[in-house]
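Residue numbers start from 1 in every chain, and the chains themselves are labelled A, B, ... in the order their sequence lines are given, proteins ahead of strands. The structure presented is a predicted model; accordingly, all values stated were derived computationally and were not measured.
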Number of protein chains: 2
Amino acid sequence: MGRPSSKNAILDAAEAIVLESGAAHLTLDAVAERSTISKGGLIYHFPTKEALLEAMIGRLMERHEQLRDQARRELAPEPSNELLVEIRMLQKLSEADYHLSASLLAVTANQPELAKAFHEKYRRRFHDEIMNQERFERSAILLFAAVGLHFHDMFNMSLLNDEQRGMLYAALLRLARGGDAL
Amino acid sequence: MGRPSSKNAILDAAEAIVLESGAAHLTLDAVAERSTISKGGLIYHFPTKEALLEAMIGRLMERHEQLRDQARRELAPEPSNELLVEIRMLQKLSEADYHLSASLLAVTANQPELAKAFHEKYRRRFHDEIMNQERFERSAILLFAAVGLHFHDMFNMSLLNDEQRGMLYAALLRLARGGDAL
DNA sequence: GTATGTATACCGTCCGGACGGTATAGTAAA
DNA sequence: TTTACTATACCGTCCGGACGGTATACATAC
């Protein structure tokens with residue numbers, strides 16, 4: 001065997017379980033069964049459950065990064081604007097991304113070691129490229145507004161319908177481009 | 001005994017455990033021991049763990065409501081402005097509130113039944129009193145910005161120092177009062 | 001070209017412990 | 001007599017993780 005996709009198959013299974021049944025049902029046995037790999041094989045690839053969760057977070061962060069790149073390419077003609085890129089990326093996230101993010105973030109709330117993997121890249125971006133600007137309050141408000149909406153969606157707290165969400169993102173993007181009216 | 005504070009003593013113990021050790025260590029046995037109440041007594045008051053969590057969420061929401069009332073009183077001379085109240089309330093939350101909110105929210109992420117208790121009141125306020133206004137985008141951006149910052153603090157994602165946080169809240173409050181410059 | 005060794009990639013089973021919940025017998029105040 | 005417990009003993013389940021074994025592939029040596 002030795003198929004190189006075993007790890008990915010395991011991660012796929014783990015994601016599916018979280019999305020379908022919630023992180024509470026994410027057990028090693030369940031992942032093994034779902035990925036049609038024995039528990040021993042699972043442990044071979046991911047020695048501990050924490051290692052598995054770390055890999056799940058890693059893949060999610062990669063996906064975010066891909067979406068950011070995609071957004072950056074789309075916005076290429078415009079002057080470089082990381083705040084704009086970040087808002088577009090958040091807008092692009094799918095419902096599956098929401099649920100997965102929420103579940104994994106929830107897990108990290110009780111496992112501080114994992115939180116590091118979650119936030120490290122994010123922090124650097126957040127801080128250096130977006131926050132350290134002349135108009136700090138303006139950038140911060142726009143970024144936090146997008147993030148706040150994202151969190152609402154993540155935890156199913158938002159009551160916005162698609163139209164309202166669209167309007168809100170439009171307003172945020174306009175302001176991130178330098179628009180003045182709020 | 002029959003002291004009326006038994007329930008509160010139990011909830012105090014449960015909160016302390018979550019704050020000190022994380023929700024992962026919130027077991028019925030631990031709560032009983034910490035509150036110097038027997039496990040039987042604990043089960044007498046909270047027949048299931050879910051009932052206990054629900055009560056914890058209820059108390060947290062009550063505390064938020066109290067802080068809102070407090071903020072409303074402080075702002076009384078000004079024209080009624082629920083958006084302003086909400087932002088001030090979020091600013092008032094302590095670190096203990098952060099951690100408790102984060103932990104309980106994390107728990108609800110995997111127990112949808114609990115999420116209802118968490119969001120019901122919040123949703124009504126959010127929707128009816130703040131979002132249904134003429135300048136929808138403006139209100140939404142300010143509210144989501146405050147909430148986004150709050151979430152960052154909850155999950156230890158924010159890199160803002162106290163000065164920056166103060167500046168940001170000042171800007172949000174100014175805008176919520178009708179200020180124009182962003 | 002066969003024997004030997006070694007690393008990789010698993011399989012299947014088992015175990016210790018924890019946890020939520022139950023049961024029961026008794027106590028003490030109101 | 002009901003309410004509000006205490007104290008203790010269990011039960012069934014589940015879970016993370018350890019362990020011993022197996023199959024394959026490849027390299028090296030003789």
Pairing residues for Glu163(B) by the salt bridge (charged side-chain N to carboxylate O under 4.0 Å, His left out) criterion, not counting sequence neighbours: none
Aromatic ring proximity, centroids under 6.0 angstrom, Phe151(B) and His150(A): no
Over 12 foreign heavy atoms within 6.0 Å of CZ, Arg63(B): no
Could you tell me the separation between the [atom1] atom of [X] and the [atom2] atom of [N], rounded to a whole number of Å?
X	N	atom1	atom2	answer
Leu42(B)	dG21(C)	CG	P	10 Å
Ile43(A)	dT22(D)	CD1	C1'	18 Å
Lys7(A)	dT8(C)	NZ	C1'	12 Å

Presence of Thr48(B) side-chain N/O under 4.0 Å of dG21(C) phosphate oxygens OP1/OP2: no
Any Tyr44(B) side-chain nitrogen or oxygen under 4.0 Å from OP1 or OP2 of dC5(D): no
Using atom names, set out every protein N or O paired with an N or O of nucleotides 8-15 of chain D below 3.5 Å, distance rounded to 0.1 Å.
none

Result of checking His99(A), Glu15(A), Met56(A), Met61(A) against Leu104(A) for side-chain contact (heavy atoms from CB on, under 4.5 Å):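 So the option named by the test is Met56(A).
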Strand DNA chain C as a dot-bracket string - pairs counted if Watson-Crick or G-U with both distances under 3.5 Å, | where the partner lies in another strand: ||||||||||||||||||||||||||||||
Any side-chain donor near an acceptor of the partner, Ser5(B) and Asn8(B), under 3.5 Å: no
Modelled atom types, side-chain donor and acceptor of Gln91(B) and Arg88(B), under 3.5 Å: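 There is such a pair (donor and acceptor under 3.5 Å, judged by atom type) between the side chains of Gln91(B) and Arg88(B).
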Side-chain donor/acceptor of Lys49(A) to backbone N/O of Leu26(A), under 3.5 Å: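 Indeed, once roles are kept as given, a pair shorter than 3.5 Å links the two residues.
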Lys39(A)/Glu33(A) under salt bridge (Lys or Arg N to Asp or Glu O under 4.0 Å): CA gap, chis, key distance, verdict: CA-CA 8 Å; Lys39(A) 191 170 179 183; Glu33(A) 192 189 336; over 6 Å; no
